[in-house]
Number of protein chains: 2
Amino acid sequence: MREINKNLFKKVKLDDVAEKAGVSKTTVSRVLNNRGYISVKTREKVHEAMELLNYQPNEIARSLFINKTFIIGLIFPSTSNPFYGQLIFHLENISESLGYKVLLCNSQGREDKERDYLRMLQRHQVDGIIAGAHNRGIEEYNNSRLPLVAIDRYLSESIPVVSSDNYDGGKKATELLLKKGCKHIIHINGSPELETPANLRRKAYEDVMEKNLLTPCTYVNEDNAIETIFDENPHVDGIFASDDLIASDVMREAKKRNISIPDELKVVGYDGAEITRRLVPELSTIQQPVKEIAELAIKLLVSQINGENISKNEWNLPVKLMEGKTT
Amino acid sequence: MREINKNLFKKVKLDDVAEKAGVSKTTVSRVLNNRGYISVKTREKVHEAMELLNYQPNEIARSLFINKTFIIGLIFPSTSNPFYGQLIFHLENISESLGYKVLLCNSQGREDKERDYLRMLQRHQVDGIIAGAHNRGIEEYNNSRLPLVAIDRYLSESIPVVSSDNYDGGKKATELLLKKGCKHIIHINGSPELETPANLRRKAYEDVMEKNLLTPCTYVNEDNAIETIFDENPHVDGIFASDDLIASDVMREAKKRNISIPDELKVVGYDGAEITRRLVPELSTIQQPVKEIAELAIKLLVSQINGENISKNEWNLPVKLMEGKTT
DNA sequence: TTGTAAGCGTTATCAT
DNA sequence: ATGATAACGCTTACAA
């Protein structure tokens, strides 16, 4: 009895199909991959046998032989973030349409985790990696001979980076606040030590401010940054936050302090993810072309996988100002 | 020259390490897996060689032999949704801590995609699947001998389901509205044809209403449902939405119609995902224990992978009422 | 303590 | 048009 069960549970393989169809496993493989000449009669027999046994090819064995897994590794801080969640959704989607699967890695912004994931993905023989995590200084990115694409992060000189046009986004945001009459505009951004293209949002803000003979003032988004801003700048009348979550926090704090938006304070965010737009549509924001970023990233990765050379290392995709009621 | 390059790019394998260390590949494998007896000297030699060559074991080859991939398949509608994004984050996290990797599949609520993914995961020899997608009627779930766990979906009689305590959640939500003085409470829910435990939210709502001698009234969340509700029910003073996104839409529509919340209308949602809480903290909601759901799902899956039997088929984890300013 | 050889489930080469 | 056989990189009996 146990013997029978054991056999029932055993996965069916090429040999089993071959036996059932009365041919060799080479023939079955040929039918499976549509290669070489096969007589119609044989093909039918084999297909029948496959149906009958509910045969599923073992991709692991195939991968080992052809030395390719059709798996792409994704390393991002967290699927829980609206922007990354949406980006990952599109990356997976497009991958799937091209026959690739994705292995998901949440690095949580931790360099050690990112390093471990990178090694894991290599051991798993992924065909390439798309990373939107953490900072450079992970030398493994250079050592690995793997096709790589970075999203909004500089990983190393030779790795292509796909971003929204951060400079233009920062410019659009700042100019909007100015146009609406703001005189004391403050910018909130991540740590300037992370060498990300997102720093260009800050750069643009500072350039625009100076061009208008105003003093730029950037706060790093750390504990209590928002309260500090209001405490230290009673006259602030415009805030450009480097992402929508922070912008939303700003709106909340303003409400708490009875500062009315947009009359006394105007706020602009960045990202414009689907979910944020739905939950906080009143927030003015600079929307990243998430789907286009995903498409380009995959395209650049697959090109590399196919051995093509990438002509350019930095790609900035156009952003869109979404004006709500906070400006 | 090309010959040299070709060799440089070739991945190093067990044989290379063995040659470098002057031992057999069996010995290297033993060092790698800490199996059997190895002299200290040999172990050192091998480790040196591995470092020198930057050797990374090929998990595909290993998987083929041991007939186990340490990969878990995740099938969910979309990472873009705050609740699923957070759930997937935890699922990945916990998997990682147990040595498993995750293959991500966004089914987009499409039965055909789900079916394809299921087959793909089988071909890729995943060790198990956690699915929170679509409906039953996918017979493949029964055919596959794969360990499976469902989250908030009935897949088939024999597949364990992990959910939040939907009945208690629906009860808590409705009772809150009643306690706050609502007389005309409406419920918005997904299609009743999807046989999900989330239907229990509706059931609880209806039970509580009837117990209080009120007529339950449930709208299916489809095009313009919210507008219809307001149009058809000018006296509505309480809405229990089956998720926070819908609840947020309700808040928006109420604002548009100058219906003040919570004075004239009270609103409760469901899910209480991190991001929703941050973006719309004023919304009262029933919070699901996302992390605990993920932990239990993984635990049940790994038990099955290890050949253990699952004692129970339905697991309802306790929810928490998060009262905001909308009630 | 270490090595030899077989085998995991495929695909590709070379016969026939 | 089809089949026998080697190979992909690893692990594990079994032998020495």
Side-chain angles (χ1 to χ4, degrees), chain A residues 6-7 9-47 49-50 53-71 120 122-127 145, chain B residues 6-7 9-47 49-50 53-71 120 122-127 145:
Chain A
K6 240 169 89 186
N7 288 332
F9 276 74
K10 210 163 235 166
K11 289 184 187 132
V12 315
K13 50 188 182 183
L14 223 52
D15 277 322
D16 303 322
V17 178
E19 192 183 10
K20 185 90 171 178
V23 296
S24 77
K25 64 184 189 177
T26 308
T27 304
V28 180
S29 174
R30 279 208 190 88
V31 172
L32 204 58
N33 300 294
N34 264 319
R35 250 190 271 293
Y37 297 100
I38 305 125
S39 75
V40 180
K41 206 187 285 174
T42 308
R43 167 172 279 121
E44 274 170 5
K45 263 193 310 186
V46 171
H47 273 135
M50 292 200 299
L53 298 173
N54 187 26
Y55 169 70
Q56 308 273 58
N58 182 330
E59 290 287 340
I60 295 292
R62 168 179 268 168
S63 291
L64 179 59
F65 190 87
I66 65 177
N67 198 24
K68 168 155 182 160
T69 53
F70 284 97
I71 295 182
M120 179 277 276
Q122 290 184 167
R123 288 197 307 266
H124 259 272
Q125 313 297 116
V126 298
D127 293 340
R145 295 260 167 274
Chain B
K6 238 169 89 188
N7 287 331
F9 277 73
K10 210 163 234 167
K11 287 184 190 136
V12 314
K13 49 188 183 182
L14 222 55
D15 277 323
D16 304 322
V17 179
E19 193 183 8
K20 186 90 174 178
V23 296
S24 77
K25 66 184 190 174
T26 309
T27 304
V28 179
S29 173
R30 281 207 189 89
V31 172
L32 206 57
N33 300 295
N34 265 318
R35 250 190 270 293
Y37 297 100
I38 305 127
S39 76
V40 180
K41 207 188 283 176
T42 308
R43 167 173 278 121
E44 275 171 5
K45 264 193 310 188
V46 171
H47 273 134
M50 293 200 299
L53 299 172
N54 187 26
Y55 171 70
Q56 308 273 59
N58 182 330
E59 291 287 339
I60 294 293
R62 165 180 272 169
S63 291
L64 179 59
F65 189 88
I66 66 177
N67 199 24
K68 167 154 185 161
T69 53
F70 285 97
I71 295 182
M120 178 277 276
Q122 289 185 162
R123 288 198 307 266
H124 259 273
Q125 314 296 116
V126 298
D127 293 340
R145 294 259 167 274

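Every chain is numbered from 1 and lettered A, B, ... according to where its sequence line falls, protein lines coming before strand lines. It should be emphasised that the depicted structure is a prediction, and the values quoted were computed from it without experimental measurement.
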Between the protein and nucleotides 12-16 of chain C, which nitrogen or oxygen pairs come in under 3.5 angstrom?
residue: C:dA12; atom: OP2; partner: A:Arg35; partner atom: NE; Å: 3.1
residue: C:dA12; atom: N6; partner: A:Thr26; partner atom: OG1; Å: 3.3

[N] [atom2] sits how many Å from [X] [atom1], rounded?
X       : N      : atom1 : atom2 : result
B:Tyr37 : D:dT12 : OH    : P     : 16 Å
B:Asp15 : C:dG3  : CG    : P     : 13 Å
B:Asn34 : D:dT12 : CG    : P     : 13 Å
B:Lys68 : D:dT11 : NZ    : P     : 15 Å
A:Arg62 : C:dC8  : CZ    : C1'   : 16 Å
B:Leu32 : D:dG9  : CG    : P     : 15 Å
B:Lys41 : C:dT2  : NZ    : C1'   : 14 Å
B:Asn67 : D:dC10 : CG    : P     : 18 Å

Sugar-phosphate, base or nothing in reach of [X], heavy atoms under 4.0 Å:
X       : value
A:Thr42 : sugar-phosphate
A:Asn58 : sugar-phosphate
A:Leu14 : base
A:Leu64 : base

Within the structure, does a side-chain N or O atom of A:Tyr55 lie under 4.0 Å from either OP1 or OP2 of C:dG9? no
Which of these nucleotides, D:dA1, C:dT4, D:dG3, is closest to any side-chain atom of A:Thr27? D:dG3
Under the criterion side-chain contact (heavy atoms from CB on, under 4.5 Å), which of A:Thr42, A:Val31, A:Leu32 is the partner of A:His47? A:Val31
Ignoring hydrogens, what is the shortest heavy-atom contact between [X] and [Y]? Give both atom names and the distance.
X        : Y       : answer
B:Asp15  : B:Lys25 : OD1-CD, 3.1 Å
A:Ser63  : B:Ile60 : CB-CG2, 4.1 Å
B:Ala61  : A:Leu64 : CB-CD1, 3.8 Å
B:Lys20  : B:Ala49 : CG-CB, 3.7 Å
A:His124 : B:Thr69 : CE1-O, 3.7 Å

Quick one: do B:Glu44 and B:Lys41 make a salt bridge, cutoff under 4.0 Å? no
